[in-house]
Amino acid sequence: MSDRDRDAREADAAREALERVQRDTDTLGSSALARMGRRAGEHFGAKDAIGAGEGGGTDPIELWGRRIGRALSLVGVAILVLWLLVQLRIL
């Protein structure tokens, strides 16, 4: 076993330990509602698209397309919920 292999394994183990600490800190440090709200904000803000292109670049058209599409889907869900409530004679 070479030093390079051992260093790579130690780096992987350290990275996994840091990820576990981050996960546990998030769980204990904030409420589930705050985490869910933050994740929803990041989703509708298309944070997952930033740096997803080739070379780490972001195409602004793709970014805004995702934002617009996600906003329209939210509007569609709200319309469907209202329609369902009317059909069930709740509204």
Side-chain angles (χ1 to χ4, degrees):
M1 170 166 60
S2 69
D3 290 337
R4 207 178 281 169
D5 293 336
R6 188 178 69 236
D7 290 343
R9 266 193 275 120
E10 288 177 358
D12 289 340
R15 192 174 303 110
E16 288 175 10
L18 287 172
E19 288 172 0
R20 277 194 310 272
V21 167
Q22 178 67 30
R23 227 181 9 252
D24 294 344
T25 301
D26 284 346
T27 302
L28 297 175
S30 62
S31 70
L33 186 60
R35 279 194 315 272
M36 190 171 62
R38 192 176 329 112
R39 287 182 61 199
E42 289 175 358
H43 175 73
F44 285 105
K47 297 273 186 185
D48 58 339
I50 297 175
E54 290 182 23
T58 301
D59 182 19
I61 300 299
E62 181 181 352
L63 183 65
W64 278 101
R66 285 186 188 204
R67 288 176 178 166
I68 291 169
R70 290 173 182 180
L72 288 175
S73 71
L74 187 62
V75 169
V77 166
I79 290 170
L80 287 173
V81 166
L82 286 173
W83 178 76
L84 177 64
L85 293 175
V86 167
Q87 293 297 316
L88 293 174
R89 301 178 197 268
I90 295 174
L91 286 180

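Treat the numbers as computed from the prediction; the structure is a model and nothing was measured. Side chains are part of it too, since the values below use all heavy atoms of this structure and drop only hydrogens, waters and symmetry mates.
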For the hydrophobic clusters of this structure (ILVMFWY residues joined by side-chain heavy atoms under 4.5 Å, transitively), does one cluster hold both L91 and V81?
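They do share one cluster, since a chain of ILVMFWY contacts under 4.5 Å joins L91 to V81.
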Would V77 end up clustered with M36 when hydrophobic side chains under 4.5 Å apart are linked, directly or stepwise?
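As far as the 4.5 Å side-chain criterion goes, M36 and V77 are not connected within one cluster.
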State the CG-CD distance between L82 and Q87, to the nearest 0.5 angstrom.
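That separation rounds to 12.0 Å.
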If you round to the nearest 0.5 Å, how far is CH2 of W83 from CG of L88?
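Nearest 0.5 Å value for the CG-CH2 distance: 9.0 Å.
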Which pair of non-hydrogen atoms, one from H43 and one from R70, has the smallest distance, and what is that distance?
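That would be O-NH1, 2.5 Å.
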Taking atom CD1 as the centre, does I61 end up with more than 12 heavy-atom neighbours from other residues, nucleotides or ligands that are less than 6.0 angstrom away?
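Atom CD1 in I61 is not crowded, with 12 or fewer foreign heavy atoms closer than 6.0 Å.
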Start with the C-alpha distance between D7 and R4, add both sets of side-chain angles, then the distance that settles salt bridge (Lys or Arg N to Asp or Glu O under 4.0 Å), and finish with yes or no.
CA-CA 5 Å; D7 290 343; R4 207 178 281 169; over 6 Å; no
Can you check whether A46's main-chain N or O pairs, donor with acceptor, with R67's side chain at less than 3.5 Å?
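It does not hold such a pair.
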Between E42 and R38, is a salt bridge (Lys or Arg N to Asp or Glu O under 4.0 Å) present by the stated rule, with each step listed?
CA-CA 6 Å; E42 289 175 358; R38 192 176 329 112; 5.8 Å; no
With the side chain counted from C-beta on, respond yes when R15 and D12 share a heavy-atom pair under 4.5 Å apart, and no when they do not.
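Yes, close enough: below the 4.5 Å cut-off.
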